[in-house]
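Nothing fancy with the numbering, it's 1 onward along the sequence. Heavy atoms only: backbone and side chains are in, while hydrogens, waters and symmetry mates are out.
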Amino acid sequence: MYLKRLIGHGLALAAAIGVLALPQQTEAREATQGRPGAPAARTESSAPAAAPSPAPASVPLSAPRTVTFRGRAFDTCKTPPLSTLRAWRSSPYRAVGVYFGGRGRACPDQPHLNKRWVAAADRMGWGVLPVFVGSQSPCVQAKNKRHVRIGRAPWRQGRKEGRQAVRAAKALGMLTGSPLYLDMEAYNEGNRRCARTTLDFVRGWNREVRKYAYLPGFYSSADSGVRHMEASRRAGVADLPSVMWFARWDGKPSLYGERVLSKRAWTPHRRIHQYAGNVTEKHGGRRLTIDRNSADAPVARIGS
């Protein structure tokens, strides 16, 4: 009887430790959107980023500063010239997504994207959202992405591409504490084998990006990759993304009403919603085809 009691106390203590070890996250209220043309909020913080899962041992104890942007953002396949960026200061957008690396980019040729462009965009007051389009899920839905599918060693491949992302970010003058967003296009997360391979790749990529003191973000369709990451978070999987960029083209710039995400997940200041895609807008006499985003999330820290 004493032995049973002792074992029972041990199990209870282990359960309590397990509960205490879970990351605590607070619920954030819906981001308030400014009027068109109104300046967006940018704040800098030295607090460690809130992760949805236990951080790996390789993460520095003293986390680098992050810069948080709250407002409207756009992304477009090819980085626009600085003259267009100046003209678009009349738009409601104050952050821009740039496809800075990865073998899966639809627009690998980026003639305007260099260290000078990034520094100039920062001086103009633009937040920069760096997007890395690497290898894609084995069950990716888009036919034009099937030539860059993840191979047979997803964890190792993810870590290798994570290093590539860090090197590319450094070459553009993006400092530690900057988010690097992994673009994983829609895939069949219901295919267990494929989902496991995809998750291993994503986790390896995240682990490597964190190792170098950058912040791993994740972009995907709300009904595939994002739902998959949320299920993994609820299951207690480690090495998940620190920032969630979900695509649901419903035309509503809501950040904390997404039905596949718990309201307590990826908060505070850890969400971007791509709410419209392939729309054409003209500002300051310059026309672009863009995706529209609402953001309350980190942007790149740019060196001088």
Side-chain angles (χ1 to χ4, degrees), residues 33-42 67-134 144-145 148 164-175 177-183 185 214 217 219 245 247 249 253 272-295 297-304:
Q33 300 299 331
R35 297 184 304 275
R42 291 179 68 180
V67 177
T68 298
F69 168 82
R70 191 171 186 175
R72 301 293 176 94
F74 76 91
D75 63 274
T76 186
C77 194
K78 276 197 173 185
T79 303
L82 287 171
S83 57
T84 298
L85 217 53
R86 290 190 190 95
W88 271 52
R89 285 187 293 183
S90 62
S91 76
Y93 305 104
R94 288 297 178 271
V96 53
V98 295
Y99 293 87
F100 77 102
R103 71 191 191 108
R105 286 184 294 179
C107 298
D109 182 25
Q110 299 282 348
H112 303 297
L113 184 58
N114 51 43
K115 193 172 183 178
R116 174 180 168 272
W117 186 97
V118 171
D122 183 63
R123 286 194 300 270
M124 277 190 252
W126 287 95
V128 176
L129 297 165
V131 184
F132 184 88
V133 192
N144 66 338
K145 299 294 183 184
V148 291
Q164 293 173 356
V166 169
R167 284 197 297 268
K170 286 182 176 180
L172 291 172
M174 299 176 188
L175 305 178
S178 295
L180 305 180
Y181 293 95
L182 177 64
D183 183 329
E185 294 296 313
Y214 286 79
Y219 165 89
W245 187 341
W249 293 359
I272 303 174
H273 177 193
Q274 186 180 89
Y275 62 92
N278 297 327
V279 295
T280 300
E281 294 189 22
K282 184 177 181 181
H283 301 283
R286 298 296 180 93
R287 190 184 303 274
L288 288 174
T289 298
I290 65 168
D291 299 329
R292 296 170 178 161
N293 303 275
S294 175
V299 291
R301 293 179 61 232
I302 311 301
S304 56

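- Scanning for ring-ring contact (aromatic ring centres under 6.0 Å, His included) contacts around Tyr214 gives an empty result, with sequence neighbours left out.
- With rounding to the nearest 0.5 Å, the separation of CG in Leu288 from NZ in Lys78 is 12.5 Å.
- Applying the side chain to side chain donor-acceptor pair (under 3.5 Å) test to residues at least two apart or on different chains, the pairs with a partner in residues 119-132 are Arg42-Asp122.
- Minimum interatomic distance between Pro92 and Arg72 (heavy atoms only, all atoms of both residues): O-CB, 3.5 Å.
- Taking 4.5 Å as the limit, every side-chain heavy atom of His112 sits out of range of all side-chain heavy atoms of Leu82.
- When all heavy atoms of Pro253 and Ser294 are compared, the pair lying nearest together is O-OG, 3.3 Å.
- Gln164 has its side chain within reach of Arg167: a pair of non-hydrogen atoms, C-beta onward, lies under 4.5 Å apart.
- For the atom pair Phe100 CZ and Leu129 CG, the distance stands at 11.5 Å (nearest 0.5 Å).
- Side-chain atoms of Arg116 do not come within 3.5 Å of backbone N or O of Leu113 as any donor-acceptor pair.
- Counting all heavy atoms, side chain and backbone alike, Gly104 lies closest to Val148 at CA-CG2, 4.1 Å.
- Classified by interplanar angle (parallel below 30°, tilted 30° to 60°, perpendicular above 60°), the ring pair Trp88/His283 is perpendicular.
- Scanning all heavy atoms of the two residues, the minimum distance from Ser90 to Gly284 falls at OG-N, 3.4 Å.
- Taking each heavy atom of Leu180 and Ala169 in turn, the nearest pair found is CD2-CB, 3.7 Å.
- A donor-acceptor pair under 3.5 Å links the side-chain atoms of Thr76 to the main chain of Thr289, judged by distance alone.
- The closest side-chain heavy-atom distance from Tyr219 to Glu185 is below 4.5 Å.
- His273 contributes atom NE2, which lies 12.5 Å from atom CZ of Arg292 (distance to the nearest 0.5 angstrom).
- The closest donor-acceptor contact from the side chain of Asp291 to the backbone of Asn278 lies under 3.5 Å.
- Contact of the Leu85 side chain with the Trp117 side chain is registered, since non-hydrogen atoms from C-beta on lie closer than 4.5 Å.
- No side-chain heavy atom of Asp75 sits under 4.5 Å from any side-chain heavy atom of Val131.
- You'll find the side chain of Tyr93 reaches within 4.5 Å of the side chain of Glu281, heavy atoms only.
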> side-chain contact (heavy atoms from CB on, under 4.5 Å) between Arg105 and Gln110: does it pass, once the steps are laid out?
Replying inline: CA-CA 10 Å; Arg105 286 184 294 179; Gln110 299 282 348; 3.7 Å; yes

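- Of the possible donor and acceptor atoms, none in the side chain of Trp245 sits under 3.5 Å from a partner among the backbone N and O of Asp183.
- Closest approach of Ala295 to Ile272, counting heavy atoms only: CB-CG1, 4.0 Å.
- Pairs passing the disulfide (SG to SG under 2.5 Å) check and including a residue from residues 70-99, sequence neighbours excluded, read Cys77-Cys107.
- The backbone N or O of Arg89 sits less than 3.5 Å from a side-chain atom of Arg94, completing a donor-acceptor pair.
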